[in-house]
Amino acid sequence: FMFKTAQESNRDYIKNSIRAFIAGAKNLNWIIGIIQSSAGPENLPEIINELANHLTNESEKNRFSDLIEELKRRDFLR
C-alpha cells in the first residue's frame, strides 16, 4: 500500500473537479476557483489532454471548450 504524494493528491483533486464541471454538476466560476486555489498546477495541460479524450457528448464538449477558453484567458494554459 502506497500513500500518494501531495502533488498526486492535488492532481487527482483537480482532475475529478474538472470531471464534475464537464458533467454539469458545477459551474465555470467554481472550477476556476479550484484551479486558482491549487496554484494553477504545473501539470494542468497534462490533465486537460487526458480528459479531452473522454468527452462523451456535445454538452461535455461545449463545457470543456468553455473551460479551455477561460483557462487561456487567465493564462493558466497557453
Side-chain angles (χ1 to χ4, degrees):
F1 178 73
M2 299 282 293
F3 287 103
K4 287 184 177 177
T5 64
Q7 193 176 7
E8 288 170 324
S9 293
N10 187 47
R11 183 184 186 286
D12 288 349
Y13 177 63
I14 297 291
K15 192 172 173 183
N16 291 330
S17 298
I18 292 174
R19 277 195 186 121
F21 167 76
I22 291 169
K26 301 289 182 179
N27 69 28
L28 190 58
N29 286 338
W30 177 83
I31 189 57
I32 295 297
I34 297 281
I35 291 168
Q36 280 177 327
S37 69
S38 67
E42 66 282 349
N43 53 7
L44 188 60
E46 173 194 317
I47 293 169
I48 293 293
N49 288 337
E50 222 173 282
L51 292 173
N53 299 323
H54 300 287
L55 303 171
T56 58
N57 60 47
E58 213 51 43
S59 169
E60 288 188 356
K61 289 174 185 163
N62 291 338
R63 292 176 70 80
F64 188 76
S65 96
D66 289 347
L67 175 61
I68 300 301
E69 216 172 279
E70 187 62 17
L71 290 172
K72 286 180 177 173
R73 192 180 74 75
R74 293 172 182 252
D75 290 330
F76 282 114
L77 288 177
R78 293 180 205 263

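- One finds the CD atom of E70 at 8.0 Å from the CG atom of N29 (value rounded to the nearest 0.5 Å).
- Across all their heavy atoms, E60 and H54 have their closest contact at OE1-O, 3.9 Å.
- In this structure, the separation between NZ on K26 and CD1 on I18 is 14.5 Å, given to the nearest 0.5 Å.
- Here the closest heavy-atom approach between residue K4 and residue S9 is recorded as CB-OG, 3.7 Å.
- With sequence neighbours excluded, the residues that form a side-chain hydrogen bond (donor to acceptor under 3.5 Å, both in side chains) with R11 are E46, E50.
- No side-chain heavy atom of E69 sits under 4.5 Å from any side-chain heavy atom of K72.
- The only member of L67, I35, I48 that meets side chain to side chain contact (heavy atoms under 4.5 Å, CB included) when paired with L77 is I48.
- Considering only heavy atoms from C-beta on, F76 comes within 4.5 Å of Q36 through its side chain.
- Rounding to the nearest 0.5 angstrom, the gap separating the OG atom in S38 from the CG atom in L44 is 8.0 Å.
- Between I32 and L71 there is a side-chain heavy-atom pair separated by less than 4.5 Å.
- Put simply, the side chain of S17 does not reach to within 4.5 Å of the side chain of F21, judged on heavy atoms.
- The local environment of CD in E8 is crowded, with over 12 non-hydrogen atoms from other residues, nucleotides or ligands closer than 6.0 Å.
- Rounding to the nearest 0.5 Å places NZ of K61 at 12.0 Å from CD1 of I22.
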